[in-house]
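Chain letters run A, B, ... following the sequence lines, proteins first and then strands; every chain starts at 1. These values consider heavy atoms only, across backbone and side chains, with no hydrogens, waters or symmetry-generated copies.
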Amino acid sequence: MINKTSQDAITPLLPKEFAHTIITWQHQHGRNTLPWQREASPYHVLVSELMLQQTQVSTVIPYFERWIKVFPDLATLAQASEDQVLAQWQGLGYYSRARNLHKAAGYVMTELNGQLPATPESLREVPGVGPYTAGAITAFAFDKPAAIVDGNVKRLFCRYFGINGDPNSSAINRQIWTKAEEYKPHSNSRQYAQALLDLGATICTPRNPKCELCPLQQSCNALATDRVNLLPQKRAKRTLPTKDGYFALDVNANGVILVQRSANGIWPRLWCLPELSELPPRAQVHGSFKHVFSHYRLNATVINCTPSHATTRIPLEALAQYGLPAPIRKYIHTHVLEN
DNA sequence: CATCCGTGGTA
DNA sequence: TTACCAAGGAT
């Protein structure tokens with residue numbers, strides 16, 4: 001007789017049992033009314049998956065709804081301008097995703113006759129589609145078997161199989177992908193993939209996981225060995241460096257001067273207040289703001305001045321049509337428009 | 001393989 | 001306030 005409290009007694013379910021268990025759970029407790037599930041077309045799935053990279057569902061939903069209205073299909077997106085694309089993406093972050101999605105539309109239209117491929121290998125050729133997204137599109141758009149490993153699956157599998165070690169290391173990462181391949185079912189691929197993500201997002205959460213509600217609680221290694229809070233292994237925390245930034249503000253009745261940033265660095269190709277390399281002497285400070293990126297903090301000072309290479313003055317009413325970085329847009333709204 | 005790339009929510 | 005982190009990918 002199996003003693004579930006003994007550390008070496010826990011055996012994971014076989015793949016077929018595992019899939020059946022979480023698919024049954026998903027049917028009752030999973031998320032089944034997300035906007036990109038209404039019509040799980042390849043295009044809708046592509047858009048949603050690119051938007052969802054490192055971004056929470058609740059944040060993506062309004063962006064997805066607007067995006068589909070403005071760019072209802074691949075052909076429309078492929079014909080849009082980069083500025084139109086960035087204007088729709090503004091505020092969502094990780095802006096290379098927007099340009100990748102734009103490139104993807106052009107690639108599929110010109111190279112693939114407008115049809116997204118249905119295998120992870122072919123999908124990997126699409127700009128912005130990596131190992132996770134290739135599997136996700138295969139499962140969600142085509143309901144075909146594919147391994148998916150994202151943050152949810154890493155956490156779920158590390159706990160369920162009791163995997164020690166840094167999940168970001170190549171060795172552990174390979175181990176998790178191998179499990180994902182081994183456990184993917186031959187049918188119900190879409191619902192299985194959704195079940196994995198739903199379990200990770202709503203039950204097997206990073207903090208305060210709801211193990212008492214988990215359909216896998218009887219065979220979870222971490223739960224049986226009281227290591228739910230120890231797995232997956234946390235990565236070493238890093239303190240973010242702080243950088244100073246100086247931005248030029250030149251606003252009058254005709255609008256505000258903005259420049260389009262380069263394709264490299266932060267906020268690529270977005271429209272921004274001209275950035276100064278240093279604080280000019282006798283600068284007239286208009287205001288300041290702080291902003292936190294994923295890899296550094298920005299202490300920004302806004303200077304009243306006319307930039308030497310002034311380019312484009314944009315009417316304030318037209319700002320919505322340009323892609324602006326979130327903190328720049330906020331600053332203009334709170335410190336310029338309200339005066 | 002490590003770093004770069006946003007933003008907002010939450011404890 | 002601080003720190004963590006989310007349907008990762010490109011280089």
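Considering only the side chain of A:Ser170, B:dC1 comes nearest among C:dG8, B:dC1, B:dG6. Relative to the side chain of A:Leu52, the nucleotides C:dA7, C:dC5, B:dC5 differ in distance, and C:dA7 lies closest. Taking every side-chain heavy atom of A:Trp267 into account, B:dG6 is the closest of C:dA7, B:dG6, C:dG9. The side chain of A:Ile266 sits closest to B:dG6 out of C:dG9, B:dG6, B:dC4. Nearest nucleotide to the A:Pro131 side chain, out of B:dG6, C:dG9, C:dA7: C:dG9.
The CD-P distance, from A:Gln54 to B:dG8, rounds to 16 Å in whole Å. What separates CZ of A:Arg99 from P of C:dG8 is a distance of 21 Å, to the nearest Å. Rounded to whole angstrom, the span from the CZ atom of A:Phe293 across to the C1' atom of C:dC4 amounts to 18 Å. Computed from coordinates, the A:Lys330 NZ to B:dG6 C1' distance equals 10 Å when rounded to whole Å. One interatomic measurement links the two molecules: CH2 of A:Trp89 to P of C:dG9, which rounds to 12 Å at whole-angstrom precision. The distance between atom CG of A:Leu50 and atom C1' of B:dG6, rounded to the nearest whole Å, is 15 Å. If you take CZ of A:Arg124 and C1' of C:dG8, they are 11 Å apart, rounded to a whole angstrom. The nearest whole Å value for the distance from the CG atom in A:Asn168 to the P atom in B:dC1 is 12 Å.
Checked against the 6.0 Å centroid criterion, the rings of A:His44 and A:Phe64 qualify as a close aromatic pair. In this structure, A:Trp67 has its ring center at least 6.0 angstrom away from the ring center of A:Tyr63. The aromatic ring centres of A:Phe293 and A:His291 sit less than 6.0 Å apart. Ring-centre distance between A:Tyr183 and A:Tyr160: not below the 6.0 Å cut-off.
Remark: A:Arg207 in residues 178-210 of chain A come within less than 4.0 Å of DNA chain B through at least one heavy atom.
Residue-level contact check: A:Arg329 touches neither bases nor backbone, having no heavy atom under 4.0 Å from any strand. Here A:Thr133 lies in heavy-atom contact (under 4.0 Å) with sugar-phosphate atoms only. Backbone-only contact: A:Ala326 has heavy atoms under 4.0 Å from sugar-phosphate atoms and none from a base. As judged by a 4.0 angstrom heavy-atom cut-off over every strand, A:Ser294 is placed among the base-contacting residues. As judged by a 4.0 angstrom heavy-atom cut-off over every strand, A:Val292 is placed among the base-contacting residues.
Comparing C:dA6 with B:dG6, their C1' atoms are spaced 12 Å from each other, to the whole Å. Remark: the separation of the P atoms in C:dA7 and B:dC5 is 23 Å, to the nearest Å. The separation of B:dG9 from C:dG9, taken at their P atoms, amounts to 24 Å, rounded to a whole angstrom.
Checking side-chain atoms of A:His286 against main-chain N and O of A:Val302 turns up no donor-acceptor pair under 3.5 Å.
Contact annotation: A:His295 side-chain N/O to B:dG6 OP1/OP2 distance is not under 4.0 Å. Between A:Arg297 and C:dA3 there is a side-chain polar atom (N or O) within less than 4.0 angstrom of OP1 or OP2. Residue A:Tyr95 places at least one side-chain N or O closer than 4.0 Å to OP1 or OP2 of B:dT7.
Using a cutoff of 4.0 Å between basic side-chain nitrogens and carboxylate oxygens, A:Arg38 and A:Glu65 are scored as salt-bridged. Ion pairing between a basic and an acidic side chain is recognised when a charged N comes within 4.0 Å of a carboxylate O; A:Lys184 and A:Glu181 show such pairing. Note on A:Asp166 versus A:Lys234: no salt bridge recorded, every NZ/NE/NH1/NH2 to OD/OE distance being 4.0 Å or above.
Taking for each of A:Lys103 and A:Gln37 the nucleotide of DNA chain C with the nearest heavy atom, the 5'-most of the two is the partner of A:Gln37. Remark on DNA chain B: of its neighbouring residues A:Pro325 and A:Ala171, the 5'-side contact belongs to A:Ala171, judged by nearest-heavy-atom nucleotide.
The aromatic rings of A:Phe157 and A:Phe18 sit perpendicular, their planes meeting at an angle over 60°, well past the 30° parallel limit.
Taking only distance into account, the side chain of A:Thr55 meets the base of B:dG6 through a donor-acceptor pair shorter than 3.5 Å.
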